[in-house]
There are 2 protein chains.
Amino acid sequence: MARLTLEDVGALAGVSRSTVSRVINNESSVRPEVRARVEAVISQTGYAPNAAARSLASNRTGVIGLVIPSHVSNLFEDPYFARLIQGVTLGAKQISSTLTLFLFESEEEEREVSPRVVESGFLDGVIVTATRPGNSLMRKIASTDLPLVAIGRPGIDGVPYVDVDNRAGAFQAATFLREHGYERCGYIGGPLNTSTGEDRLAGFIDGLAEFNSALPNDLRAFGDFSEPSGYDAMSELLDHSPDAIFAASDGMALGAIRRIHDAGLSVPDDIAVIGFDGFTLGEASEPSLTTLEQPVSATGSLAVELLHKMLGDRSTPFTPSVLPVQLIRRASA
Amino acid sequence: MARLTLEDVGALAGVSRSTVSRVINNESSVRPEVRARVEAVISQTGYAPNAAARSLASNRTGVIGLVIPSHVSNLFEDPYFARLIQGVTLGAKQISSTLTLFLFESEEEEREVSPRVVESGFLDGVIVTATRPGNSLMRKIASTDLPLVAIGRPGIDGVPYVDVDNRAGAFQAATFLREHGYERCGYIGGPLNTSTGEDRLAGFIDGLAEFNSALPNDLRAFGDFSEPSGYDAMSELLDHSPDAIFAASDGMALGAIRRIHDAGLSVPDDIAVIGFDGFTLGEASEPSLTTLEQPVSATGSLAVELLHKMLGDRSTPFTPSVLPVQLIRRASA
DNA sequence: ACACTCTCTGGGAGCGCTCATATCGCTGTT
DNA sequence: AACAGCGATATGAGCGCTCCCAGAGAGTGT
């Protein structure tokens, strides 16, 4: 069965190419009767318009790219990305676009592929996530006219973005711990050259400051958001006898708990732990994890939505969206 | 900066459209001197060929689809998919294709979207994963002329696939347990309407049979590969006092361990546990998890490679590839 | 009755490539 | 000197759509 064209469908329905095109694109000026006839032919034949021809003529592809830079591709197993991808896919479906994924393994790869990605006209727009502030790939994309939305504060002026309120969340964690009587609050953070790393640290410090307390250097340790890195970070902090820990990811929080148990201490009796993410694995942990739940999937959908708006109106003024996070109290604090 | 065309680049280099096209497509019959001149213009201008025009003319898009059916999209957080996506992305990069992701949330969605996906010519080929044998979406795709590779035994004749040797792996687990003196081996399986569910069960039964032992019904329980489902399955099995458990995923194995601990028993002293996956989270568990490591990322890459071969030669005879799994002995058995 | 509007439909042009075919300028041969 | 033969390059056609404009009817007002 050779592939049908608009012209073929038109011939079968006794109308012209253009009328069929109008039906397919849901344009109004087609007589209902004619429209029905055309639609019947379409559904009988299973005709679907050729995507390439459509893109060539209309200059839109219905494809958006999700770019995940090299430095996180080894952390890709973090459920964060699974949720994010789900959210973006969902959003894309809503605007009848499809999602293409760009994972990079090295900065060199970012450089090589990026012109092909950006210049080929293959994408209507692109969502870039998890970059370090000022990331060169994002900077490069931002300098083209390819519509771009960042997930997470991008640290580049004029780049629209969607983020969760990392700062307020961390602030809330500090407040919670202090209000529950914890005196020596420690912090396990993500890499400081990420915006989440920066913001969560800043929020936590601010929150403690409200209670006139500081976050001494020896109660700070840093990981890469993964469980083992939380374990290691906790090893450092144990020497300085904290009575509570706020970790910037659930993974690190679970790692910290494992370390605390290995030291023969108990959570939360000896040391309370709060995570950040709200993933299901924190429910099943022992003890279950008190955490700040962030709306990851919604972040992804929202990014697509924002991108879609920008596609419709290229001059939309840029307004960052910052989604709230919520403290889920379970057993670890 | 208006977008350049082949013609523009040609004009700048003092050659014609087609010569530039030959340079870009690495065809041989271009004088080295001319080639160099054209390449210089290309790199100076940052020209990149328009993907849509290229596809329209050549009938190939350089895009392959990865389809993940509805019934697993809620399990998408399983690191399995992250690894698989990484593998597929890697493979796609090697054949300079890009990857588009299709996640479905319901069977209805599968039906709606599939014609658009299949008939629009947007994809050169498609990789379908994690379907139940005989899955209708896969069956539909198989009935078109869109090149298709399955990941996991598809249960449809003539569909090429890549799989890991689930059966041999489970056989190995049974052998290992019996050789180490475990007498009452229980099994926590995946859903029986998945090929991995079937094959791992069959292999385990075969393995036990080698030692003249059977797998009684009350030592079988089933989950959905997730941690909580392993916990629940283990609850059932505990009543029948197994001394060893083979779980068909690391997640379920960890759930089982948690359940065993909750019952006040120890792993492996009271009950040994073997998982299946080889994910990093099994290294950090307490005790660390003995498991069958499967080459997930390689499976993804290999699927792309196979698809690529099929694209080059549509009449390639179909040969399933089955990758080996390997027993990693850690502390839980 | 006429010009005029308004709605609906058809056809031409062109998007930027690839592919097949035509053409050019050489060399080597007789 | 003329011509075949060959590699390198140019040209034409066309991929299947969208967009724009022209034209056909049908209806309206005078």
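Note that the structure is a prediction, hence the values are computed from the model and not measured. By convention in this document, chain letters (A, B, ...) are assigned in the order of the sequence lines, proteins followed by strands, and residues within each chain are numbered from 1.
- Going from atom OG of B:S143 over to atom CE of B:M138 covers 12.5 Å, rounded to the nearest 0.5 Å.
- When the nearest nucleotides of DNA chain D are assigned to B:A57 and B:S16 by heavy-atom distance, the more 5′-ward of the two goes with B:S16.
- Here the straight-line distance linking atom CZ of A:R54 with atom CD1 of A:I24 works out to 6.5 Å at 0.5 Å rounding.
- Look at CG on B:N59: it is 16 Å from C1' on D:dA13, rounded to the nearest Å.
- If you take CZ of A:R22 and C1' of C:dG11, they are 10 Å apart, rounded to a whole angstrom.
- Regarding contacts with the backbone of D:dG16, every side-chain N or O of A:R54 stays at 4.0 angstrom or more from both OP1 and OP2.
- Nearest to the side chain of B:R17, among D:dG12, D:dT18, D:dT9, sits D:dG12.
- Backbone-only contact: B:S58 has heavy atoms under 4.0 Å from sugar-phosphate atoms and none from a base.
- Judged by closest nucleotide on DNA chain C, A:S18 is the one of B:I24 and A:S18 placed further toward the 5' end.
- Phosphate contact (OP1/OP2 of D:dT9, side-chain N/O of B:R31, threshold under 4.0 Å): present.
- Look at CG on A:D8: it is 9 Å from P on D:dG16, rounded to the nearest Å.
- When rounded to the nearest whole Å, the span between CD of A:E7 and P of C:dT9 equals 16 Å.
- A close approach under 4.0 Å does occur between a side-chain nitrogen or oxygen of B:T19 and OP1 or OP2 of D:dA10.
- For the atom pair CG of A:L99 and CG of B:L99, the computed distance is 10.0 Å after rounding to the nearest 0.5 Å.
- For the pair B:V149 and B:V162, the tightest heavy-atom approach, listed with the atom from each and the gap, is CG1-CG2, 4.4 Å.
- Dashed line: the shortest gap from a side-chain N or O of A:N50 to OP1 or OP2 of D:dC15 is not under 4.0 Å.
- At the phosphate of D:dC17, OP1 or OP2 sits under 4.0 Å from a side-chain N or O atom of A:Y47.
- Between the CZ atom of B:R60 and the P atom of C:dG16 there is a distance of 20 Å, given to the nearest Å.
- Counting to the nearest Å, the P atom of C:dC8 and the CD atom of A:E33 are 12 Å from each other.
- If you take CG of B:L4 and P of C:dG16, they are 10 Å apart, rounded to a whole angstrom.
- Under 4.0 angstrom from either OP1 or OP2 of D:dT18 there lies at least one side-chain N or O belonging to A:S21.
- Going from atom CD of B:E119 over to atom C1' of D:dG16 covers 15 Å, rounded to whole Å.
- Considering only side-chain N and O atoms, B:T5 lies nowhere under 4.0 angstrom from the phosphate OP1 or OP2 of C:dG16.
- In summary, B:E109 and A:K93 engage in a salt bridge, as defined by a charged side-chain N under 4.0 Å from a carboxylate O.
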